[in-house]
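Below: one structure, written as structure tokens.
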Amino acid sequence: MKYPFPLSRRQMLLASAACGLSSVLMAQEIYPARAVNLVVPFPPGGLADSVARMLAPSLERAIGQPVVVLNRAGAAGAIGAAAVATGKPDGYSVLFTLSSLSTLPEQALVNQQKPAFLLSQLRPIARISTDPLAIVVRAESPFKSLGEMMVQARSKPGEVSYGSSGNYGTVHVPIEIFAHEARLKLNHIPYAGGGPLMVGLLGGQVDFTMLPRSSITSQVRAGKLRILATVGAEAWPQFPSVPNTAALGLNVDVQPWTGAFVPLDTPAAVVDRLRSAFRMATENAEFKQALLKAEGGPAYLDAAEFRTFWDQDAARLTQAVRRMGKLE
């Protein structure tokens, strides 16, 4: 910049400092200035990935920049979660993940490993959706009710088997919470993902499992699966006559959820901008319609409410993993 009259050294320094401060303030005011990445720590096609891709178009409109869904899979979600938790806290990498996030550090500890990240390194932005669980058997199963299955499991400990999508995952941990509450000893058969688990269940390789509504509704309506009980206290409008675990006196109110997180040290102004954008995006009618069509449940919680919910949910899930201990 040229000045119409000579400046003293002090005046030049003050002018330079003012320009620098102005540049900093402008940089802070224009977030986001480029694309924002939604980092999904799982392969394409799963629950977190599907919800992220449903949400991305409305989030783009709310935030005013492109939103790119990036799959960074590995170690049951720990690699992608750690990349965000330990990454640059600038708001351009947002973790979009499942409730299984809460158990990852504890899984490492019980297996005598160093956690890739800590929950305390993440700041919750918003819970987006839930996908309620149900205890299901194949249509030909001899178990006609959850009560029948529990009687069999108590009379022959370790004989009734269940399948999961993998150790400590979103199927395994809730079933172990159910088994603990019902005082059952069950035989766990882990599979390498939800697809192989469904094949094993339909093929009679396991007696039952616990799966989210989005993955079983079509199979139930096709007569391939039967629901013994939904998990929690709320009835499903899709299957209103099916009993729930609360009615049977079981405290098993756990369910998979999706949510967004950023590094703990992300500036408050950036956090507030993201909170506003996620809130607007989840209110979008097209997003809600897509989620409901996929049998998901809109379940938005803003940062403060999500923090309270997450603390309680994580404590219960972590306690279950600690109780399960190291798995051989």
Side-chain angles (χ1 to χ4, degrees), residues 47 98-103 106-107 127 129-137 141 143-154 157-158 160-190 194 197 201 206-217 220 225-259 295-297 299 301 308-325 327:
L47 176 60
L98 296 175
S99 49
S100 55
L101 166 80
S102 304
T103 68
E106 190 64 29
Q107 290 179 40
R127 188 183 73 175
S129 68
T130 56
D131 201 352
L133 295 164
I135 298 171
V136 294
V137 295
S141 171
F143 300 128
K144 305 303 180 186
S145 70
L146 184 59
E148 286 184 14
M149 189 181 76
M150 290 168 61
V151 168
Q152 177 74 3
R154 287 184 180 129
V160 174
S161 64
Y162 74 89
S164 80
S165 53
N167 288 339
Y168 307 112
T170 53
V171 175
H172 186 199
V173 175
I175 292 182
E176 284 298 318
I177 291 174
F178 157 68
H180 179 74
E181 292 291 331
R183 296 183 177 86
L184 304 178
K185 183 177 180 181
L186 303 168
N187 180 23
H188 174 219
I189 310 295
L197 167 59
L201 178 64
V206 292
D207 292 313
F208 80 98
T209 191
M210 187 184 287
L211 289 172
R213 184 169 62 200
S214 62
S215 66
I216 64 169
T217 298
V220 173
L225 293 179
R226 185 169 66 254
I227 302 176
L228 297 185
T230 57
V231 174
E234 294 185 8
W236 288 9
Q238 297 89 339
F239 307 104
S241 62
V242 174
N244 59 58
T245 53
L248 297 171
L250 298 171
N251 180 19
V252 197
D253 194 7
V254 292
Q255 57 187 335
W257 47 261
T258 63
E295 302 294 347
L301 289 178
T308 300
F309 167 83
W310 186 39
D311 286 345
Q312 296 171 351
D313 191 60
R316 188 173 194 191
L317 297 177
T318 298
Q319 183 183 45
V321 169
R322 193 175 299 127
R323 189 168 56 238
M324 292 154 63
L327 301 175

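Atom set for the values below is all heavy atoms of this structure, side chains included, hydrogens, waters and symmetry mates excluded.
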**OP:** May I ask you to check whether Tyr168 and Glu176 show a side-chain donor-acceptor distance below 3.5 Å?
**Re:**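 No donor-acceptor contact under 3.5 Å links the two side chains.
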Original post:
Cut-off 3.5 Å, side chains only: do Thr258 and Ser129 have a donor facing an acceptor?
Top reply: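 Yes, side-chain donor-acceptor contact under 3.5 Å.
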Determine whether [X] and [Y] make a side-chain contact, defined as any pair of heavy atoms from C-beta on separated by less than 4.5 Å.
X: Phe239; Y: Thr230; result: no
X: His172; Y: Pro190; result: no
X: Asn167; Y: His188; result: yes
X: Phe208; Y: Ile135; result: yes
X: Trp310; Y: Leu101; result: yes
X: Glu106; Y: Gln319; result: no
X: Glu234; Y: Asn244; result: no
X: Val136; Y: Leu201; result: yes

Ignoring hydrogens, what is the shortest heavy-atom contact between [X] and [Y]? Give both atom names and the distance.
X: Gly163; Y: Leu197; value: C-CD1, 3.4 Å
X: Thr170; Y: Ser100; value: CG2-CB, 3.7 Å
X: Pro174; Y: Val252; value: O-CG1, 4.1 Å
X: Thr245; Y: Gly232; value: OG1-N, 2.9 Å

Original post:
Trp236 ring centre to Arg213 NZ or CZ under 6.0 Å, with the angle to the axis within 45°?
Top reply: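 Yes.
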Original post:
Does any N or O in the side chain of Asp207 come within less than 3.5 Å of the main-chain N or O of Val160, such that one atom is a donor and the other an acceptor?
Top reply: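 No, because the side chain of Asp207 does not come within donor-acceptor range (under 3.5 Å) of the backbone of Val160.
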Subject >> Heavy atoms from other residues, nucleotides or ligands near NZ of Lys185 exceed 12 (cutoff 6.0 Å) >> reply: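 Open.
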Could you state the interatomic distance from [atom1] ([X]) to [atom2] ([Y]), rounded to the nearest 0.5 Å?
X: Thr103; Y: Met324; atom1: OG1; atom2: CE; answer: 8.5 Å
X: Ile189; Y: Leu186; atom1: CD1; atom2: CG; answer: 11.0 Å
X: Met150; Y: Leu248; atom1: CE; atom2: CG; answer: 7.0 Å
X: Gln238; Y: Thr217; atom1: CD; atom2: OG1; answer: 5.5 Å
X: Glu295; Y: Ser215; atom1: CD; atom2: OG; answer: 10.5 Å
X: Ser102; Y: Gln107; atom1: OG; atom2: CD; answer: 10.5 Å

Original post:
In a check of side chain to side chain contact (heavy atoms under 4.5 Å, CB included) between Phe178 and each of Leu184, Asn251, Leu133, which one passes?
Top reply: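 The side chain to side chain contact (heavy atoms under 4.5 Å, CB included) with Phe178 is passed solely by Leu184 among Leu184, Asn251, Leu133.
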